[in-house]
Amino acid sequence: MKFASYWHDTSVPFAGAMVAPVSGDFEVAVIGAGFTGLNAARMLAKSGVKVALIEAEHVGYGASGRNGGHLNSGHFASFGAAKAQFGDSQARRLWRAYDDSIDMIEAIIEEEKIECSFRRGGKLKLASKPSHVKGLQAMCEEIRREVDPSVEWLSRQDLRKELGSDAFHGAVLCPKSAMMHMGRYANGMAQAAHRHGATIWEHNPVTACERVSNGWRLTTPTGSLTTRQVILATDAYTTETFGYFRRRIMPIASFIIATRPLTSEEVAATIPGNRNYTNSLNIANYFRLTPDNRMLFGGRARFSAVSNQKTDVRPIV
Ligand SMILES: Cc1cc2nc3c(=O)[nH]c(=O)nc-3n(C[C@H](O)[C@H](O)[C@H](O)COP(=O)(O)OP(=O)(O)OC[C@H]3O[C@@H](n4cnc5c(N)ncnc54)[C@H](O)[C@@H]3O)c2cc1C
């Protein structure tokens with residue numbers, strides 16, 4: 001077994017990072033080159049702002065280069081639960097935000113000409129137990145009626161065209177969901193930000209952030225820069241340098257694993273529907289095919305503050 005992210009292992013790394021030490025004066029400095037930081041830097045640079053992007057490791061090193069590769073429409077909680085909690089109009093806005101985010105990513109890919117195998121394959125939420133069918137069917141009906149008529153229910157028989165397995169008892173089909181190659185998207189976003197004029201440093205963890213008269217000074221092992229404003233896009237990788245934010249993060253260990261490329265006969269026998277799939281267990285597992293026909297599985301291994309990819313290995317059920 002190889003302990004490397006599939007997405008990094010199968011994409012060409014970003015080649016536009018600065019070789020010179022960190023220095024200069026900027027209007028905005030973005031810390032962290034995951035999807036959040038990359039798009040912030042890209043958009044700012046595109047609108048003429050002098051922006052620096054500083055990454056501790058390399059572009060896409062964090063969750064953006066290690067995830068399941070699903071761009072799923074709708075949220076995990078039912079529409080009814082969101083409506084009960086937030087009211088009708090907020091629940092609709094929340095639901096549509098998921099659809100809009102996929103549309104936005106599709107538009108960026110088109111605009112920046114990023115080759116990342118984006119595809120509207122749809123998602124199936126699979127009933128893992130017979131007792132889950134009724135609840136999922138009711139959820140499907142509610143979504144169709146209230147917010148997205150394109151969603152459909154697939155019976156156990158319909159699933160034969162989707163998966164070479166009798167393990168599931170029906171599924172909700174969300175046709176707007178998409179998939180892409182996350183590593184190629186991240187590197188393409190970095191290339192686009194660079195092209196629009198962002199200055200990008202990799203392998204430069206920000207180790208201090210202090211107030212100066214007209215903004216902030218960010219320090220890294222190679223040097224420092226000053227900036228009017230800072231965008232902190234460090235996600236779960238936030239260090240003690242930003243202790244206020246780090247203390248507000250709850251760790252949830254989560255992993256992906258990819259098989260060798262499957263033959264076309266193996267694809268036809270196991271996953272002919274070629275969509276995003278997720279099951280209905282409380283701690284859900286999910287899977288899809290990669291552009292080179294590997295089966296990529298993901299799931300949550302355990303809830304713990306400490307994560308070690310070797311000791312966390314556990315069979316996916
Ligand atoms: C296993 C797994 C599967 C997932 N599957 C999906 C999925 O299928 N669909 C989906 O929509 N979402 C999924 N997610 C969630 C999604 O990947 C994340 O929400 C998203 O990538 C977060 O992007 P980000 O830019 O905010 O953070 P990240 O991509 O985590 O980037 C943060 C970056 O900040 C850098 N950094 C941290 N501290 C510093 C510092 N001091 N100085 C400089 N740089 C620093 C890190 O090195 C890192 O590169 C999954 C996540 C995981 C872990």
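Please read these numbers as outputs of a predicted model, since none were measured by experiment. As the structure lists them, so they are numbered: ligands from 1, and atoms in each ligand from 1. Only heavy atoms go into these numbers, but all of them, side chains included; no hydrogens, no water, no symmetry mates.
Inter-residue side-chain proximity for Phe287 and Thr278 is flagged as unmet; no heavy-atom pair is nearer than 4.5 Å.
Ring pair Phe14/His58: centre-to-centre distance not below 6.0 Å.
Here Tyr61 is tied into one hydrophobic group with Tyr237, each link being a pair of ILVMFWY side chains closer than 4.5 Å. Other members of the cluster containing Leu218 are Met18, Val22, Phe26, Ile31, Ile54, Trp201, Val206, Trp216, Leu225, Val230, Leu232, Phe242, Tyr244, Phe245, with ILVMFWY side chains joined at under 4.5 Å, either directly or via other members.
Under 3.5 Å, the side chains of Arg217 and Thr226 contain no donor-acceptor pair of N or O atoms.
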Would you be so kind as to tabulate the donor-acceptor pairs closer than 3.5 Å made by side chains of residues 173-181, with sequence neighbours excluded?
unit_1: Lys176; atom_1: NZ; unit_2: Asp99; atom_2: OD2; d: 3.3
unit_1: Ser177; atom_1: OG; unit_2: Ser73; atom_2: N; d: 3.0
unit_1: Ser177; atom_1: OG; unit_2: Ser73; atom_2: OG; d: 3.0
unit_1: His181; atom_1: ND1; unit_2: Gly183; atom_2: N; d: 3.3
unit_1: His181; atom_1: ND1; unit_2: Arg184; atom_2: N; d: 3.1
unit_1: His181; atom_1: NE2; unit_2: Thr10; atom_2: O; d: 3.4
unit_1: His181; atom_1: NE2; unit_2: Thr10; atom_2: OG1; d: 2.8

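At a 4.0 Å heavy-atom cut-off, the residues surrounding ligand 1 are Ile31, Gly32, Gly34, Phe35, Thr36, Ile54, Glu55, Ala56, Tyr61, Gly62, Ala63, Ser64, Arg66, Asn67, Gly68, Gly69, His70, Pro205, Val206, Ala233, Thr234, Asp235, Tyr237, Thr239, Ser254, Phe255, Tyr286, listed by chain and number.
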